[in-house]
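Inspection log for the structure reproduced underneath, given as structure tokens.
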2 protein chains.
Amino acid sequence: MDRFEQMRVFASVVEAGGFTRAMPRAGMSRAAVSKHVLQLEERLGVRLLNRTTRQVGMTEAGRIFYEQCRRILDEVASAEQGAAQISGEPHGELRVVAPTNFALTYLGDAITEFLLAYHDLKIDLSLNDRAVDPIDGGYDLAIRVINSALPDSASLAATRLTTSSRILCASPAYLLEHGTPRQPQELSKHQCLSYSYVDDPRSWRLKGKGQEKGKEHVVSVSGRIITSAGQVLSTAAAAGLGIAYGPTVFFQDAIARGKVVQVLPDYDLPQVSIYAIYPVSRHRSPKVTAFTGFMQKFFAGKL
Amino acid sequence: MDRFEQMRVFASVVEAGGFTRAMPRAGMSRAAVSKHVLQLEERLGVRLLNRTTRQVGMTEAGRIFYEQCRRILDEVASAEQGAAQISGEPHGELRVVAPTNFALTYLGDAITEFLLAYHDLKIDLSLNDRAVDPIDGGYDLAIRVINSALPDSASLAATRLTTSSRILCASPAYLLEHGTPRQPQELSKHQCLSYSYVDDPRSWRLKGKGQEKGKEHVVSVSGRIITSAGQVLSTAAAAGLGIAYGPTVFFQDAIARGKVVQVLPDYDLPQVSIYAIYPVSRHRSPKVTAFTGFMQKFFAGKL
DNA sequence: ATAAATTGTCTCCAATTGGTGGACAATTAC
DNA sequence: GTAATTGTCCACCAATTGGAGACAATTTAT
């Protein structure tokens with residue numbers, strides 16, 4: 001009997017293009033999705049969706065109703081945010097999904113400070129390394145590490161929280177035994193420890209700085225480790241297993257202790273950007289704005 | 001948890017100017033009204049209403065949110081009706097409130113035929129002789145007998161279903177004994193049986209037709225019966241208790257059988273109009289349109 | 001063509017929701 | 001000062017909702 005829920009679920013089905021595909025977006029089982037649409041159709045007395053077993057299409061009434069639905073749902077969100085904004089303090093629960101590494105490395109401190117700054121906010125943090133769609137997953141906000149370009153989307157907005165640099169490291173002992181590379185090309189003769197979250201973990205791109213400024217080198221490398229676990233890279237490098245390529249943060253500690261040293265410091269590795277991705281409908285959501293703003297300030301100080 | 005319901009209840013409170021006064025419009029108990037508004041405020045994180053124990057005012061957030069509420073609720077109704085309209089056949093339940101006499105006299109046949117014509121419609125008919133506000137009462141439509149002018153309202157629309165005439169009647173025996181009045185003034189010397197639903201049951205207004213065309217007479221009358229029960233008037237008149245003034249329909253049968261005869265047939269009594277009153281938001285509601293249209297046709301044939 | 005998988009819907013069951021009625025503190029009207 | 005009325009809170013009860021699984025229908029893949 002919940003009219004709002006019926007409209008939301010119906011819109012989900014239309015946008016997802018099917019009942020099953022609408023499950024995550026609607027946040028309920030197929031049966032419930034079906035039930036909602038059925039109830040809505042019964043109440044209106046019109047068939048809104050033409051279901052052939054493999055494809056869902058809209059009827060004429062469905063098309064008309066969907067347009068209005070979409071607009072009304074947006075207006076409700078906007079109205080609620082408008083009213084909520086007046087309260088000053090953001091509040092409620094913020095559902096965030098972030099990559100495991102990023103979360104374990106930074107979000108512990110970041111979220112702690114964030115929660116101390118905003119007493120009326122709760123956080124539900126999910127870890128997921130896939131490129132989760134915040135709409136489908138029902139999240140307010142997804143954190144993504146973007147290697148190259150940000151994919152365009154009409155329904156998603158993004159804010160860059162920070163950038164992350166990567167470096168090459170190896171243990172002094174390893175370099176003593178196998179020699180310290182001076183040119184990118186020499187890397188191909190080394191044991192190379194790769195980080196999974198790179199465009200191509202077997203093909204490293206280095207860009208010269210200093211005298212060789214701007215020149216880009218692409219080196220095919222080989223090695224016995226490809227991992228998404230940053231600490232494993234760091235440990236392996238410290239143990240002398242080879243030259244590791246990974247996010248700077250994972251090596252800072254080992255470098256400070258002298259366990260590893262940076263290799264080829266005259267070359268830059270591609271920077272990656274950390275983005276907060278959220279549904280455009282939450283563009284001005286106080287919760288999301290507070291989070292992204294806080295994180296930008298937080299990382300501006302740290303990195 | 002239904003956002004629309006929360007919005008509707010909140011709007012009801014604003015429009016009614018209080019939680020208790022919003023009860024009929026919201027269609028629930030004070031406790032429930034309060035709960036809805038509380039939940040809405042909690043979800044938005046803003047206080048929408050300033051309640052002093054005797055008066056309810058809106059906060060700044062409440063004012064802003066109310067405007068959006070009103071608009072959104074209208075759009076929802078419009079969207080649902082728009083979709084429903086495509087289905088062709090009106091359907092669902094139509095909640096009607098009508099005056100007792102009118103309902104007992106006409107609505108039996110009328111509703112029966114109406115339901116036969118529209119198989120997907122159900123009717124919930126309430127009888128109430130007060131001038132019920134269809135919005136407050138939660139009705140789709142109220143039938144009212146209007147003596148004089150239709151009161152203006154921004155939130156209510158009206159359609160005239162038919163007009164009802166009234167006549168004066170008495171039994172031949174009574175007239176034989178007390179004389180048959182030829183002039184309106186003579187009525188004041190008779191036993192006059194009045195109908196309650198007249199502007200002033202003790203002051204009859206007659207308008208001449210024929211040679212005395214257009215001239216209006218106001219006669220103060222007295223008698224031993226004032227009743228809202230039409231059949232009582234008819235019976236009393238037939239029994240020779242006096243001259244009855246009431247809706248034509250109640251006397252037609254008695255006239256046909258010769259029990260009573262019309263008095264002062266050369267004078268018109270004020271006509272009353274039967275209106276269907278409904279919330280403007282349902283102006284284009286298929287259910288309401290079907291009902292009013294059907295009733296107009298129905299009465300066009302009968303009266 | 002046959003088999004397998006996926007689609008939306010249905011049925012049953014458990015859990016949560018939502019409403020009512022009554023009591024309560026606070027406030028205003030008389 | 002007294003009494004009535006306001007909005008809120010607290011249990012209790014019923015109705016509804018959502019989930020799991022089974023089902024028929026249909027499409028894809030072999």
Between [X] and [Y], is there a donor-acceptor pair closer than 3.5 Å when you use the side chain of the first and the backbone of the second?
{"X": "Asp129(B)", "Y": "Thr100(B)", "answer": "yes"}
{"X": "Arg144(A)", "Y": "Val132(A)", "answer": "yes"}
{"X": "Arg51(A)", "Y": "Leu49(A)", "answer": "yes"}
{"X": "Ser78(B)", "Y": "Asp74(B)", "answer": "no"}
{"X": "Ser220(A)", "Y": "Ser203(A)", "answer": "no"}
{"X": "His91(A)", "Y": "Tyr118(A)", "answer": "no"}
{"X": "Ser34(B)", "Y": "Arg30(B)", "answer": "no"}
{"X": "Glu113(B)", "Y": "Phe294(B)", "answer": "no"}

Rounded to the nearest angstrom, tell me the gap between atom [atom1] in [X] and atom [atom2] in [N].
{"X": "Glu5(A)", "N": "dT16(C)", "atom1": "CD", "atom2": "P", "answer": "17 Å"}
{"X": "Arg47(A)", "N": "dG8(C)", "atom1": "CZ", "atom2": "P", "answer": "12 Å"}
{"X": "Met28(A)", "N": "dA20(D)", "atom1": "CE", "atom2": "P", "answer": "13 Å"}
{"X": "Asn50(A)", "N": "dT26(D)", "atom1": "CG", "atom2": "P", "answer": "14 Å"}
{"X": "Gln6(A)", "N": "dT16(D)", "atom1": "CD", "atom2": "P", "answer": "13 Å"}
{"X": "Met23(A)", "N": "dG8(C)", "atom1": "CE", "atom2": "C1'", "answer": "12 Å"}
{"X": "Asp2(A)", "N": "dG18(C)", "atom1": "CG", "atom2": "P", "answer": "8 Å"}
{"X": "Arg21(B)", "N": "dA4(D)", "atom1": "CZ", "atom2": "P", "answer": "19 Å"}

| Verdict with reasoning, Phe298(B) to Tyr106(B), per ring-ring contact (aromatic ring centres under 6.0 Å, His included) | CA-CA 10 Å; Phe298(B) 179 86; Tyr106(B) 298 113; 7.9 Å; no
| request: Would you give a per-nucleotide map of nucleotides 22-30 of chain C, 5' to 3', where B means the base has a protein non-hydrogen atom under 4.0 Å away, S means only the sugar-phosphate does, and - means neither? | output: ----BSS--
| request: May I ask you to decide whether Arg71(B) forms a salt bridge with Glu75(B), counting only side-chain N to carboxylate O separations under 4.0 Å? | output: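 Here Arg71(B) pairs with Glu75(B) in a salt bridge, since their nearest N and O are under 4.0 Å apart.
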| said: Heavy atoms within less than 4.0 Å of DNA chain D: which residues of residues 9-19 of chain B have one? Give them sorted by number. | reply: Gly18(B), Phe19(B)
| request: Please give the angle, rounded to 10 degrees, between the axes at the start and the end of the helix from dA1(C)-dT30(D) to dC30(C)-dG1(D), where five pairs define each axis. | output: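 One end axis against the other gives 40°.
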| Distance (rounded to the nearest 0.5 Å) between Asn128(B) CG and Ile143(B) CD1 |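 Reported value, rounded in 0.5 Å steps: 12.5 Å.
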| request: May I have all residue pairs that pass side chain to side chain donor-acceptor pair (under 3.5 Å) and include part of residues 9-21 of chain A, sequence neighbours excluded? | output: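 Found Glu15(A)-Arg25(A), Glu15(A)-Tyr66(A), Glu15(A)-Arg70(A).
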| message | Of the options dT20(C), dG7(D), dG18(D), whose atoms approach the side-chain atoms of Ala32(A) most closely? | response |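 Looking only at heavy atoms from C-beta outward on Ala32(A), the closest nucleotide is dG18(D).
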| request: Identify, residue by residue, the members of residues 33-45 of chain B with a heavy atom below 4.0 Å from DNA chain C, and return them in order of residue number, or none. | output: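 Output list: Lys35(B), His36(B).
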| Presence of Arg51(A) side-chain N/O under 4.0 Å of dT9(C) phosphate oxygens OP1/OP2 | yes
| request: May I ask you to verify if any side-chain N or O of Thr20(B) is less than 4.0 angstrom from the OP1 or OP2 atom of dT5(D)? | output: no
| message | Per the salt bridge (Lys or Arg N to Asp or Glu O under 4.0 Å) rule, what does the pair list look like for residues 90-105 of chain A, sequence neighbours excluded? | response | Arg95(A)-Asp140(A)
| query | Angle class for the Phe4(B)/Phe4(A) ring planes (parallel below 30°, perpendicular above 60°, tilted otherwise)? | reply |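 Perpendicular, since the angle between the ring planes exceeds 60°.
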